[in-house]
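Quick notes on the structure that follows.
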Amino acid sequence: MNTVVAQYLEAWNTREPAARRSAVARLFTEDARYVDPLVAVTGHAELEAAIAGVQAQFPDWTFALAGPVDAHHDQVRFTWGLGPADAPAVVIGFDVAVLVDGRIAGVYGFLDQVPATS
């Protein structure tokens, strides 16, 4: 599961569109669902667009693992941080991913820390 989580975060950090599409296709089932408080998408194209949207909103920030990976059966949970590469995370979240045949079929995300907006 550590490898799956590392590949998942790398997909979120991959900025080149063709490489990102390839990572999403390799890592997620065709009908994978991703849901967090800000977005709900299904399938490779929608997931790739959601990732691209986050990258456009935070162009110089990266995702990083922010704690241990906890897994059992075909599910894994982990905390991640999003922020400048050389600074503490600005956004912190927690995801649970469910795998089918070694690929991610669903991600259920939660936001634990988000910057205040004016």
Side-chain angles (χ1 to χ4, degrees):
M1 290 295 195
N2 288 320
T3 300
V4 170
V5 171
Q7 291 172 345
Y8 172 83
L9 293 172
E10 183 59 31
W12 280 88
N13 288 326
T14 300
R15 298 196 180 276
E16 198 281 314
R20 185 175 53 238
R21 278 190 298 277
S22 177
V24 167
R26 185 175 51 255
L27 188 58
F28 293 87
T29 63
E30 289 76 14
D31 60 349
R33 181 137 170 87
Y34 176 91
V35 179
D36 72 22
L38 304 175
V39 67
V41 297
T42 301
H44 291 173
E46 290 182 11
L47 180 56
E48 197 276 328
I51 293 171
V54 170
Q55 292 175 350
Q57 186 175 2
F58 304 106
D60 298 321
W61 291 8
T62 58
F63 285 90
L65 188 62
V69 173
D70 184 24
H72 64 84
H73 297 87
D74 290 324
Q75 55 190 355
V76 60
R77 69 176 177 167
F78 55 95
T79 299
W80 50 263
L82 173 63
D86 57 351
V90 177
V91 179
I92 297 174
F94 161 120
D95 286 356
V96 174
V98 176
L99 281 67
V100 172
D101 297 328
R103 294 171 68 202
I104 298 173
V107 177
Y108 308 94
F110 298 84
L111 300 174
D112 299 320
Q113 174 183 306
V114 294
T117 58
S118 323

Listed partners of [X] passing side chain to side chain contact (heavy atoms under 4.5 Å, CB included), at least two apart:
X	result
Glu46	Val41, Thr42
Ala52	Arg20, Glu48
Asn2	Val69
Ala40	Arg33, Val35

Under 4.5 Å between side-chain heavy atoms, counting indirect links through other Ile/Leu/Val/Met/Phe/Trp/Tyr residues: same cluster for [X] and [Y] or not?
X	Y	value
Ile104	Met1	yes
Phe58	Val39	yes
Val91	Val5	yes
Ile92	Leu9	no
Phe63	Leu65	yes

Test side chain to side chain donor-acceptor pair (under 3.5 Å) applied to [X] - qualifying residues, sequence neighbours left out:
X	result
Gln7	none
Trp80	Asp95
His72	Gln75
Asp31	Thr29

Side-chain heavy-atom pair [X], [Y] within 4.5 angstrom cut-off:
X	Y	answer
Trp12	Leu82	no
Val54	Trp61	no
Val107	Phe28	yes

| task | Please identify each residue that fulfils ring pair (Phe, Tyr, Trp, His ring centres under 6.0 Å) with Phe78, with sequence neighbours left out. | result |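 In terms of ring pair (Phe, Tyr, Trp, His ring centres under 6.0 Å), with neighbours along the sequence ignored, Phe78 is linked to Tyr8.
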| said: Once ring pair (Phe, Tyr, Trp, His ring centres under 6.0 Å) is applied, do any residues pair with Phe94, and if so which ones, sequence neighbours excluded? | reply: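 For Phe94, the residues satisfying ring pair (Phe, Tyr, Trp, His ring centres under 6.0 Å) (neighbours in sequence not counted) are Phe110.
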| What pairs of residues pass the salt bridge (charged side-chain N to carboxylate O under 4.0 Å, His left out) test when at least one of them lies in residues 99-116, not counting sequence neighbours? |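 Found Glu30-Arg103.
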| remark: residues 70-79 vs salt bridge (charged side-chain N to carboxylate O under 4.0 Å, His left out), sequence neighbours excluded, gives Asp70-Arg77
| field | Minimum heavy-atom distance between Gly81 and Ala66, given as atom pair plus value | value |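 In this case the closest contact between Gly81 and Ala66 is N-CB, 3.9 Å.
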| Nearest non-hydrogen partners of Pro84 and Val90, listed with the distance |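 Reported closest heavy-atom pair: CD-CG2, 4.0 Å.
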| request: Run the numbers on Val4 and Leu27 for side chain to side chain contact (heavy atoms under 4.5 Å, CB included), then give the verdict. | output: CA-CA 8 Å; Val4 170; Leu27 188 58; 4.3 Å; yes
| So, Arg21 side chain and His44 main chain: donor-acceptor pair closer than 3.5 Å or not? | no
| query | Just by distance, do the side chain of Thr14 and the backbone of Glu10 share a donor-acceptor pair under 3.5 Å? | reply | yes
